[in-house]
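These numbers come from a predicted model, not from an experiment. Note on naming: letters A, B, ... go to the chains in the order of the sequence lines (proteins, then strands), and numbering restarts at 1 for each one.
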Protein chains: 2
Amino acid sequence: MLDVAATAGVSVATVSAAVNGTAPVSSELRGRIENAIAAIGYKRNAVARSLKTGATKTIGLVIADITNPFFTDVVAVIQDVLHRAGYAVMLCCTDEDPEQQEEQISLLLDRMVDGLIIAPAGNDHALERVLQRAGIPTVLIDRISHGIAADAVVLDNQRAVQDAIDYLVGLGHRRIGYISGSLDTSTGLGRLAGYCGALENAGIQHDDALVRIGNFREKDAYNAAMQLLVMPERPSAIFSANNLMVIGVMKAIRDMGLRCPDDISVSSFDDFPWADVFQPNLTTIAQPVQAIGEHAAQLILDRLADRSDRPPRQIVLAGRLTIRASCRPFSAPEAR
Amino acid sequence: MLDVAATAGVSVATVSAAVNGTAPVSSELRGRIENAIAAIGYKRNAVARSLKTGATKTIGLVIADITNPFFTDVVAVIQDVLHRAGYAVMLCCTDEDPEQQEEQISLLLDRMVDGLIIAPAGNDHALERVLQRAGIPTVLIDRISHGIAADAVVLDNQRAVQDAIDYLVGLGHRRIGYISGSLDTSTGLGRLAGYCGALENAGIQHDDALVRIGNFREKDAYNAAMQLLVMPERPSAIFSANNLMVIGVMKAIRDMGLRCPDDISVSSFDDFPWADVFQPNLTTIAQPVQAIGEHAAQLILDRLADRSDRPPRQIVLAGRLTIRASCRPFSAPEAR
DNA sequence: TGACATATTCGAAACGTTTAGATTAGCTTC
DNA sequence: GAAGCTAATCTAAACGTTTCGAATATGTCA
């Protein structure tokens, strides 16, 4: 900028004013400055700018797993909206590990991000303290962390799972296996509550043995499903609490020599773009990823715009049960 | 940091030395400083640090589409390696649009990233100039851009596709449809060359009408496949040049009332984690995503470590044809 | 013509670090 | 005991911006 000022024969203050349009500059000087900029190939140094202004125009985005299509779908729309608003996005993954989460958030805070969008892993109170201290706008997505009073956009997980289980019950299923996500997350908890609620409504006795923890991971879900499938009286249907886990469930079913939906019905949280064209065509709960992303981005932009301390807003969206062909009416097992 | 220095009763230089370990500090002062840091809750300001040192410890990562599982797999391992080395990653998406690409790169350059990992969109010479001017270490992944002399890690696309087409030819197929990616990319070109090469080797006359551009996008691929399927003498097999497009191909097949593999064989570039458990079990070319990511990260770290101007290294990896059940031996159409 | 408002432009002090070079203190060594 | 080292610490100048208040120029009005 000094070089520009020198070749244009003006002061740096004027260059700054011209570049940012923060103060009137005569067209004469503006012309000279623009020429100088073009000649030198000057680019404003965002780091120095950030140091002075205290704003990096960057948002930190913390999710569990970049390999999970649900998160990437949401990330894609968040990025889109924020870029349009002049913000860059710094993406970090926690692998569902609270310790890594803290590390990543610390890294983002070091870099002075202006705001944070987080899908919290675990239910650590550490997060609460860290965010308190950071004192920057934060919005929670997908999951909420107990005790953190922040803007959030989440799904009505309980309602959504209840719909799915109701559907299975309606097909006559009574012994329904449930592969749960980590119970350290609000999603894990909420979805399980939906399962339990639906069973209770239907007057079906809850059987602890039918609920297994898959930690939202394919591998863990595979093992969990295996345990379900080797039971003497195995479930006639299995519900998986997310997209990654249902792959594990399907692999377990295959490895046990069973077929879906002939031998066992399967349904899961999160939709797949290919579900319509690959068999079994999975019956899923589709999340409104577009809406989730847009709301999250908008919430953070609002907070960034007016620093007013309006009370946190929680946006709750609904999942949509998408019935395909992976669930069959219950039929008594012939000879197991 | 001044606060820390003040409460510890030392100079900022000493605090800096203690924090960074760049100069010896007596254990006496080190203790006082550590206490002061704990008391105040001091965190080093990375922005100021970057301004002074000229390094942001951040790598820009530019890909086409965060929604594409191939890219996210690669991104995941790159992030992992770079984080371990103390670098943050800033992820940007171009949507295969050279203009957006330039914008995103500009944004990263503004923020003074220390290096760039790019899967270039288009074959613009603009990119070349921009990178030249930026003068920071760059590694290209997945695709190479003509005329850019940079480190790169790519696949032997031609060889890989040739293997797949050889396989189809071996099954007796003669009219093989090809859904191509954008021919502005080296991957689009290389994969098409593999198709053409295999056909030539087999002595099969090339038919332009069998090659359609799907631009690596599901939607475009759907339309492209539709054109193939309404031909009077439609192909008996279709190869899709990436993962997103094969979904479009399958949808087209379904919408035409056909079945895979009964009526038509399908194969594609890029593997799916669920391909083993959903029918038709796709025969695919799996890319070594782990290796791609590790090499890319290592190349950039090497460049960052020694600024030596060693000639660019190009790492070429091999794809692996994974035969499943989506291709059948050719049988003459009965009554089409 | 002098006083005053208005419109531009400029000088210089931040922002929070790093770091080269100066300073000081404490030891050796002759 | 002076000279010379070494080790630890400090002072102060950067890094490239933004921004406040001062300075300058131009025009207007009495």
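Considering only side-chain atoms of A:Pro24, the nucleotide from D:dG16, C:dC10, C:dT8 that sits closest is C:dT8. Distance from the side chain of B:Ala13 is smallest for D:dA12 among the nucleotides C:dG11, C:dG16, D:dA12. The side chain of B:Tyr42 lies closest to C:dT17 when the candidates are C:dT17, C:dG11, D:dT18. In this structure, the nucleotide among D:dT17, C:dC15, C:dT17 sitting nearest to the side chain of B:Arg49 is C:dT17. Checking D:dT17, C:dC15, C:dA12 against every side-chain atom of A:Met1, the shortest atom distance belongs to D:dT17.
Among the heavy atoms of the strands lying under 4.0 Å from B:Val10 are primed sugar atoms or P, OP1, OP2 only; no base atom is included. When heavy atoms are screened at a 4.0 angstrom cut-off, A:Leu29 is found touching the sugar-phosphate backbone but no base atom.
Minimum heavy-atom separation, A:Ala17 to A:Val25: CB-CG2, 3.9 Å.
Position along DNA chain C of the nearest nucleotide to B:Arg44 versus A:Glu28 favours A:Glu28 as the more 5'-ward residue. Annotation: of the two residues near DNA chain D, B:Val25 and A:Thr53, the 5′-most nearest-nucleotide partner is B:Val25. If B:Lys52 and B:Ser26 are placed on DNA chain D by their nearest nucleotide, the residue sitting closer to the 5' end is B:Ser26.
Looking at A:Thr14 and A:Ser11, their side chains do bring a donor and an acceptor atom within 3.5 Å of each other. With hydrogens and angles left out, the side-chain atoms of B:Arg111 and B:Thr56 include no donor and acceptor closer than 3.5 Å. With 3.5 Å as the limit, one finds no donor-acceptor pair spanning the side chains of A:Gln298 and A:Glu294. A donor and an acceptor atom, one from each side chain of B:Lys57 and B:Ser50, are nowhere located under 3.5 Å apart.
If you measure from atom CG of A:Asn45 to atom P of D:dA14, you get 18 Å, rounded to the nearest angstrom. As a whole-Å value, the separation of B:Lys43 NZ from C:dT17 P is 12 Å. Rounding to whole angstrom units, CG of residue B:Leu2 and C1' of D:dC10 are separated by 14 Å. We find that CG of A:Leu51 is positioned 17 Å from P of C:dA13, with the value rounded to whole Å. Note: CG (A:Asn20) to P (D:dG16) measures 17 Å, nearest angstrom. Rounded to whole angstrom, the span from the CZ atom of A:Arg30 across to the P atom of C:dA7 amounts to 15 Å. The interatomic distance linking B:Arg111 (CZ) with D:dG16 (C1') rounds to 16 Å, in whole Å. With rounding to whole Å, B:Arg32 atom CZ is found 15 Å from D:dA8 atom P.
Within the structure, a side-chain polar atom (N or O) of B:Thr14 is placed less than 4.0 Å from OP1 or OP2 of D:dC10.
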